Visitor: 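Structure in structure tokens, see below.
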Number of protein chains: 2
Amino acid sequence: MHGRGGNTVRDLRTGSRATVLRGLYFDGPLSRQELGARTGLSAGSVSNVTGELLADGLIEECGSVGSDGGRPRTMLRVAAGRARLVGVDVGETQVRVALFDLARTELAARDLPLSDRGRDAGHVVELILAGLADVLERTGTAPETVLGVGVGVPGIVDQGAPGADGRGIVVHGQAVGWDAVPLGRLLRAGTALPLFVDNGAKTLGQAEMWFGAGRGARHAVVALVGSGVGACVIADGARYRGASSSAGEWGHTKVHVGGRRCRCGARGCLEAYVGAEALVERWGAAPPGDEKAGLAALLAAAEAGDPAAVGLLDEAAEYLGAGIADLVNLFNPERIVIGGWAGLLLGPRLLPGIRAAATGYALRFPYEHALIVLGSLGPEAVALGAATLPLSDFLDSGGRLPDRSHLTDAGA
Amino acid sequence: MHGRGGNTVRDLRTGSRATVLRGLYFDGPLSRQELGARTGLSAGSVSNVTGELLADGLIEECGSVGSDGGRPRTMLRVAAGRARLVGVDVGETQVRVALFDLARTELAARDLPLSDRGRDAGHVVELILAGLADVLERTGTAPETVLGVGVGVPGIVDQGAPGADGRGIVVHGQAVGWDAVPLGRLLRAGTALPLFVDNGAKTLGQAEMWFGAGRGARHAVVALVGSGVGACVIADGARYRGASSSAGEWGHTKVHVGGRRCRCGARGCLEAYVGAEALVERWGAAPPGDEKAGLAALLAAAEAGDPAAVGLLDEAAEYLGAGIADLVNLFNPERIVIGGWAGLLLGPRLLPGIRAAATGYALRFPYEHALIVLGSLGPEAVALGAATLPLSDFLDSGGRLPDRSHLTDAGA
DNA sequence: AGCCGTCGTCTCACGCCGTGAAGTAAGCCG
DNA sequence: CGGCTTACTTCACGGCGTGAGACGACGGCT
């Protein structure tokens, strides 16, 4: 019940700045005129706010467009070069660190393969910090122009106390053997940049929502099918986190009580029927070790008419449809985006079957309002999605550049 | 992207009034001092705002409490008699219309049994309007003191265009044969009072959240087990509605793909395993027609050791636990409240089994943060929950009494 | 070429807000 | 009865968005 997020008149300006900035960021160059119509602000206020943002260098004018008979409208856009973002994808085999400008152009990236110490958190932190230093140095990026470092990791992320400089962030990654790893504290020891950590599937979902197949939807679920299965829930335009930021664990939804055993220990999880690991294991006839090749082989066999492969995939489509029907019934989204590397690989073949199953399993009314589509970004967008974490903070704050005068002593 | 809910400085005052009013409503009598600490407002603003509210008659002073050595603090509370609320419960056998004051004291109520035309929407509307007129007249309530009429109905409620005076509200009640019934328009023809309609299960959930076992939780799911099965999802303190207000249809979640056929037409729905209708039907050895008696008989048989009854209930607990595990995984709530008449009847016996099953089926991390409890209000709270719909609107608007100068011509 | 109408943008007086400091009320203790 | 403590009120101040009017900057018309 505290605070309500701003009591004073100055908070109004923060809000207006945020609205204007978001409008320009997501809906391209806009004139002050259009900005007023879109934000509900009066022409005077738009002039005021844009003036401030221009003075801060956060936006810039870019040409003008004639308007029949009248004064041409000056277009405004976000100044792409004003600040930079770092996105980190902690995968199962490598760590990827990417540097973006505000227009999400990738300025530099660095892939660092995990050694055999792969599951050791200390090792991962070393790689992240090394990659971070590398991309900053190669591009000559001053630390104070970096809005923050977003990190997508496997497992559940407990955000800890807010405003605690990220130090309270703890990761529970059962799949990679991370048990309550204090990632925030570990990273904070090596960099003074603002830190943001979230589940990798969730950052990928965020990327699809902002720049991919989810664009424009206020209520959506991004269903992520990879080795395992996860989901990213967007409620009313914002990520739904739940009480301890672990909402959206769709893969361990029960679709068959008493059914197949899942790697999480329970029986009948969705993941045990449609996750790539489970599919490849059940298919059997594939070289072990390389899951992607295994899934591709399964798909090829099905295309060639192998009845076992066809059956397996048909069953996966059925279960996926049932799982999606659950999402439709529970969340009533306007869009369901199927992503993840396995989802994108299988999607073109499975989609008709998924839609058919979901039609039968979901309630008619919510299903009629939901669109099931494939993701459009590909799994490499995890780093981009991670970079949206500091970006989101930046936009919500109305373009407040973080004060980091303490940067000198800690280095980057 | 429109509006952001208030740009001008005057909206700040609306927000402050709402915060103060909510504080007083939910946390009993409070001094101006405490109000300031709780809301984050400065002492000056609290004085200002409470002065306004006092002048409007919305709050009142109620005694004072000594404070060691200093001026005693004057306590403030919401003026219970300043306005009234109507809650309507459209059940399967009767319509209940209840009139409350702001302190949720029931001033009058009227039960109107459905005739054999029970499933006819026109008949239901007649009963609602008759009950409404009756409770208003018996208590001598002037229509302009009524904040609004909240109606809880079976089925999915499409809220239509907002701000359209409720005229756009349409109900899809497949269980009672309502197909796109324009309930808003039908009711509007008979009363000029503000109208609010929502699913009955959702209004019951709202009541549990505000006054029952859900009090204080910001993220919760109220699981409602009756003849069918539903749920009410509270995300960040507010009902989660989804894109077309049908979120929370938990009963038709798939717990056993290819399993029992459900009355919705699909197979393997949770409702087909744990709903009272399904349980009684499978039990068989009960007088048909009276579901509640049937369920009580099943329960009694199980208590007496009848193995078939025990098996049925154990299975129900297993499935309920699995369904709740799904809710825990997907929504990551801090509390799960089990309500509904069947849920409350079976709860004491089933709860240990439910908890055991959920422990096994849910992921450890979110499950550790979730508490599974029984509801504390009973199924008759549907009308109370319905009355919270106009109340919620009233509180959120900072106590703006609706302007209804047009009331004279339309009557109540 | 000059003028006019059109439309985008800027400027500014106004009413309102919350803050924080100073002032006031209302009880206690000695 | 006076001093002390605590709750509340008053008020000057900086700041906000609005809406009306002023000010450009262009196309088209004469």
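Below, chains carry the letters A, B, ... as their sequence lines are ordered, and counting in each starts from 1. The structure presented is a predicted model; accordingly, all values stated were derived computationally and were not measured.
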Visitor: Spell out protein contact along nucleotides 4-15 of chain C as letters: B when the base is contacted, S when just the sugar-phosphate is, - when no protein heavy atom is under 4.0 Å; keep the 5' to 3' order.
Guide: -BBBBSBB---B

Visitor: Return each pair, listed once, that meets side-chain hydrogen bond (donor to acceptor under 3.5 Å, both in side chains) where at least one residue sits in residues 76-87 of chain B; pairs must be two or more places apart or across chains.
Guide: B:E60-B:R77, B:R84-B:T141

Visitor: Considering residues at least two apart in sequence or located in another chain, which fulfil the ring-ring contact (aromatic ring centres under 6.0 Å, His included) criterion with B:F331?
Guide: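 Scan of B:F331 (ring-ring contact (aromatic ring centres under 6.0 Å, His included), adjacent residues dropped) gives A:F331.
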
Visitor: Could you tell me if the side chain of A:Y25 sits less than 4.5 Å from the side chain of A:L391, heavy atoms only?
Guide: yes

Visitor: Throw together a table of side-chain donor-acceptor distances under 3.5 angstrom for residues 205-212 of chain B, partners on residues two or more places apart or in other chains.
Guide:
unit_1	atom_1	unit_2	atom_2	d
B:E208	OE1	B:A213	N	3.0
B:E208	OE1	B:S376	N	3.2
B:E208	OE2	B:S376	N	3.1
B:E208	OE2	B:L377	N	3.0

Visitor: Taking atom C1' of C:dG20 as reference, at what distance in whole Å does atom CG of B:L41 sit?
Guide: 13 Å

Visitor: Please determine whether a side-chain nitrogen of the Lys or Arg among A:R22 and A:D27 lies less than 4.0 Å from a carboxylate oxygen of the Asp or Glu.
Guide: no

Visitor: Are a donor atom and an acceptor atom from the side chains of B:S244 and B:D158 found within less than 3.5 Å of each other?
Guide: no

Visitor: Are the side chains of B:I169 and B:R188 in touch, meaning some heavy atoms are under 4.5 Å apart?
Guide: no

Visitor: If you define the side chain from C-beta out and look only at heavy atoms, does anything of B:F196 sit under 4.5 Å from B:L147?
Guide: no

Visitor: Got B:H219 and B:D236 here, is their nearest side-chain heavy-atom distance under 4.5 Å?
Guide: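 B:H219 vs B:D236: side chains touch.
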
Visitor: Rounded to whole angstroms, how far apart are CG on A:L12 and P on C:dC17?
Guide: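 These atoms are roughly 11 Å apart.
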
Visitor: How about A:L41 and A:L35: do any of their side-chain heavy atoms sit closer than 4.5 Å?
Guide: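 No. Closest side-chain heavy atoms not under 4.5 Å.
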
Visitor: Compute the bend angle of the helix from C:dA1-D:dT30 to C:dG30-D:dC1 from the end axes (five pairs per end), rounded to 10°.
Guide: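 End-to-end axis angle for the helix from C:dA1-D:dT30 to C:dG30-D:dC1: 20°, rounded to 10°.
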
Visitor: Provide the start and end nucleotides, 5' to 3', of the part of DNA chain D that has atoms under 4.0 Å from heavy atoms of chain A.
Guide: D:dG14 to D:dG27

